[in-house]
Amino acid sequence: MSATFTAGPLSPAKSRPNEAIAKETPPPFPFSLLSKCTSLRQLQQLHALAIKSRLQHQPPLLAKLITSCPPSAMDYARHLFDQIPDPDVVLFNTLSRGYSRSDDPIQSVAVFARMLDAGVGPDDYSFPTLLKACASAKASEEGRQAHGAAVKLGFADNIYVLPTLISMYAECGELKVARALFARTDGRCVVSYNSMITACVRSSRPGEALALFRELQATGLEPTDVTMLSLLSSCALLGALELGKWIHEYVRKNGFGSFVKVNTALIDMYAKCGSLEDAIGVFDEMGSKDTQAWSAMIVAYAIHGHGGKAISLFEEMLKEGIKPDGITFLGVLYACSHSGKVEEGLGYFRGMRGRHGVIPGIKHYGCVVDLLARAGRLGEAYEFIDGLPMQPTPILWRTLLSACGGHGDVDLGKRAFERILELDDTHGGDYVIISNMCASDGRWEDVNRIRRLMSERGAVKVPGCSSIEVDNTVHEFFSGDGKHPQSEAAHRMADEVVERLRSVGYVPDTSRVFHVDMGEEEKEASLRYHSEKLAIAFGLINTPPGTTLRVVKNLRVCGDCHSMAKLVSMAFDREIVLRDLNRFHHFKDGSCSCGDFW
DNA sequence: CTAGGGTTAG
């Protein structure tokens, strides 16, 4: 390009008198490129241009360069910062903010301390930055110290600081402290409410989040788009479709309908509440869509078992010129593994780094393990985990273990189980899977040995819990318990359902019931009162014929409940939408959308 | 430059 403009001989600088160089105007600095800088290389090029433009000693430009530093290039940011003779509070904040977004957020605590040492006083933005860093590092001790410093310096009741304090404590798992801070605040503002509502969502207490929203409405404060985001997350957690629809309506009426983030949260809410059609509706109506919106829709298709649609949407996204990120790939890989597209999935995984510039992380490796193992390539999956460039988490071995369970490979399952125990022996579910595998194989000695081991190590099973929304209320059922007011009726109905299904060929599958010392009858009873069966029975009693039943379960659905639900959908002529720990099952006319592959 | 959407596995 530039060659066309430099016709004639290049004049070497040395042939000009020095004066001429001094008077020559330096080239203008391309300020607009600052915010587009994504790599260390680009940043260094910009720095070089700054030197050419003789702006390299201007603090504002250096601050902008530091701000533009990608999180992985904080060493360079530090190098730039160290060239500034007397950094002011803005520069300290800038550096601190950089660290808080990097892999090493706790460094921003050090920057803060250095600022105080240098005799520079903090401003309104210093504490929020510091507290955010503590939150993202989950460093509660540092967070408490920062809180102490804020109190001492008179920033604790600052409108910018207080909400960040609340969210910092919540992020560090100290919900009680967050609540106490929120409670003793007078003159609560909507941001504090948002902060507290989000804190509840993050700690998986969606019910409390909704209660706070009602309180917020009662105070007469105006909710914001951020409030909507947290409320929608609550609905997604609860699987509360009716409430979600109400919020959608509220969003429309109150002018939040054009916010990209709100629409993304709506897509996620509809998908996780079982209504793929509504999710598609929101997506299609959106004017501009960013990476996150596309990712949400890809994940939505994936968890509903439409792997092919998820992949074609991904290709469409690329054609539109939207750059995928790490989470987009999680969705794509997830879609591939849940629809048996092994080669496609491996292809996308291999293209991540080179073609798309996304560095695979542990979660992507987890997807690949799932991809291989689910498809029965168990040995390859084992080799893959063993050859990883990083220490595998127990989750990776757990993925392999459960796939071994599905494919009946007891020997490899035992090897995977051993590897899990080396890393984490407190997870009851692992013992249950391997013990069931041994039981199906008739290895009763192993079963007893594993059960003993489980109680020795103090590992506990998470109790199964299913909920169903009827008349805007979410009803919860635990396996075998009688806590729900209508539990008696639900148990009776469960009995009735089983009897009616026997005539259409249902045979209870007790082979995987964990308690080996139970008699056959006892086993049947324990199976019959699985939480999802109780929830379905409750739904059959309390909704008019033909209503779709929407059930949310906290664990994976068991094989027996899965085949029972298929039969219910036929014998009782009901659609059932069951949300698993990680995907949806749509039961209709005797079959399931997952194609029995989950 | 307060609060904040999409995140594998079990």
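Numbered from 1 within each chain, the chains take letters A, B, ... in sequence-line order. Just so you know, these numbers come straight off a predicted model, no measurement behind them.
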> Does a nitrogen or oxygen in the side chain of A/His364 sit under 4.0 Å from OP1 or OP2 of B/dA9?
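The answer is no; no side-chain N or O of A/His364 sits under 4.0 Å from OP1 or OP2.
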> Starting from P on B/dG6, measure out to NZ on A/Lys363 and report it in whole angstrom.
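Roughly 12 Å, once rounded to whole Å.
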> To the side chain of A/Ala293, which of B/dA9, B/dG5, B/dA3 is closest?
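The closest nucleotide is B/dG5.
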> Rounded to the nearest angstrom, tell me the gap between atom CG in A/Leu216 and atom C1' in B/dA3.
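The answer, rounded to whole Å, is 12 Å.
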> Round to a whole Å and report the spacing from NE2 of A/His427 to P of B/dG10.
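Rounded to whole Å, this separation is 10 Å.
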> Counting only side-chain nitrogens and oxygens, does A/Arg97 get under 4.0 Å of the OP1 or OP2 atom of B/dC1?
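Result: no.
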> On a plain distance test, is the side chain of A/Asp290 in donor-acceptor contact with the base of B/dG5 below 3.5 Å?
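For A/Asp290, whose side chain was compared with the base of B/dG5, there is a donor-acceptor pair (under 3.5 Å).
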> Apply salt bridge (Lys or Arg N to Asp or Glu O under 4.0 Å) to A/Arg457 and list each qualifying residue two or more places apart in sequence or on a separate chain.
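For A/Arg457, the residues satisfying salt bridge (Lys or Arg N to Asp or Glu O under 4.0 Å) (neighbours in sequence not counted) are A/Asp425.
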> Looking at residues 257-269 of chain A, who's got a heavy atom less than 4.0 Å off DNA chain B?
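Output list: A/Val260, A/Lys261, A/Thr264, A/Asp268.
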> Just jot down the salt bridge (Lys or Arg N to Asp or Glu O under 4.0 Å) partners of A/Lys132, sequence neighbours excluded, or say none.
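For A/Lys132, no residue satisfies salt bridge (Lys or Arg N to Asp or Glu O under 4.0 Å) once neighbours in sequence are set aside.
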> Could you check whether the side chain of A/Asp325 and the base of B/dG6 have a donor-acceptor pair of N or O atoms closer than 3.5 Å, going by distance alone?
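Pair found.
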> To the nearest Å, how far apart are A/Lys553 NZ and B/dG10 P?
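So the two atoms are 13 Å apart, to the nearest Å.
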> If you only use heavy atoms from C-beta on, which nucleotide in B/dC1, B/dG6, B/dA3 is closest to the side chain of A/Pro163?
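Looking only at heavy atoms from C-beta outward on A/Pro163, the closest nucleotide is B/dA3.
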> Residues two or more places apart in sequence or in another chain: which of them pass side chain to side chain contact (heavy atoms under 4.5 Å, CB included) with A/Arg179?
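Counting only residues at least two positions away or on another chain, A/Arg179 forms a side chain to side chain contact (heavy atoms under 4.5 Å, CB included) with A/Leu175, A/Lys176, A/Met196, A/Arg205, A/Glu208.
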> In terms of side-chain heavy atoms of A/Ile433, which of B/dT7, B/dA9, B/dG10 is nearest?
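Comparing B/dT7, B/dA9, B/dG10 against the side chain of A/Ile433, the answer is B/dG10.
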> Under 4.0 Å, counting only non-hydrogen atoms across every strand here, what does A/Thr393 touch: a base, just sugar-phosphate, or nothing?
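Touches nothing.
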> Tell me the interatomic distance from A/Lys132, atom NZ, to B/dA3, atom C1', rounded to whole angstroms.
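To the nearest whole Å, that distance equals 8 Å.
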> In terms of side-chain heavy atoms of A/Ser233, which of B/dG6, B/dT2, B/dG4 is nearest?
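So the nucleotide nearest the side chain must be B/dG6.
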> Would you say a side-chain N or O of A/Thr164 is under 4.0 Å from OP1 or OP2 of B/dT2?
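Looking at the OP1 and OP2 atoms of B/dT2, neither is under 4.0 Å from any side-chain N or O of A/Thr164.
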> Would you indicate which nucleotide in B/dA3, B/dG6, B/dA9 comes nearest to any side-chain atom of A/Val226?
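For the A/Val226 side chain, the nearest candidate turns out to be B/dA3.
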> Could you state the NZ-P distance from A/Lys272 to B/dT8, rounded to the nearest angstrom?
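Taking NZ of A/Lys272 and P of B/dT8, I get 7 Å after rounding.
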> Over 60° means perpendicular and under 30° means parallel, so classify the ring planes of A/Tyr125 and A/Tyr160, tilted if in between.
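Ring orientation of A/Tyr160 relative to A/Tyr125: tilted.
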> Partners of A/Arg579 by salt bridge (Lys or Arg N to Asp or Glu O under 4.0 Å), sequence neighbours excluded?
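For A/Arg579, no residue satisfies salt bridge (Lys or Arg N to Asp or Glu O under 4.0 Å) once neighbours in sequence are set aside.
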> Is there a side-chain polar atom (N or O) of A/Lys289 under 4.0 Å from OP1 or OP2 of B/dG6?
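No, A/Lys289 has no side-chain N/O under 4.0 Å of OP1/OP2 on B/dG6.
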> How are the rings of A/Phe155 and A/Phe127 set to each other: parallel, tilted or perpendicular (split at 30° and 60°)?
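Ring orientation, 0 to 90° scale: tilted.
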> Would you kindly give the CZ-to-C1' distance between A/Phe155 and B/dT2, to the nearest whole Å?
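Distance check: A/Phe155 CZ to B/dT2 C1' gives 14 Å.
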> Ring of A/Tyr160 versus six-membered ring of B/dT2: centres under 5.5 Å and planes under 30°?
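No, the aromatic ring of A/Tyr160 does not stack with the base.
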> Return the value, rounded to whole Å, for the distance between atom CZ of A/Arg583 and atom C1' of B/dG10.
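Going from CZ in A/Arg583 over to C1' in B/dG10 covers 15 Å.
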> For a quick test of reading the model: is some side-chain N or O of A/Arg202 closer than 4.0 Å to OP1 or OP2 of B/dG5?
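A/Arg202 to B/dG5 OP1/OP2: side-chain N or O found under 4.0 Å.
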> Under the side chain to side chain contact (heavy atoms under 4.5 Å, CB included) rule, collect the residues that match up with A/Lys245, sequence neighbours excluded.
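For A/Lys245 the side chain to side chain contact (heavy atoms under 4.5 Å, CB included) partners, ignoring immediate neighbours, are A/Leu241, A/Tyr270, A/Asp278.
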> With rounding to the nearest 0.5 angstrom, report the CG to CZ distance, A/Asp430 to A/Arg419.
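Reported value, rounded in 0.5 Å steps: 14.5 Å.
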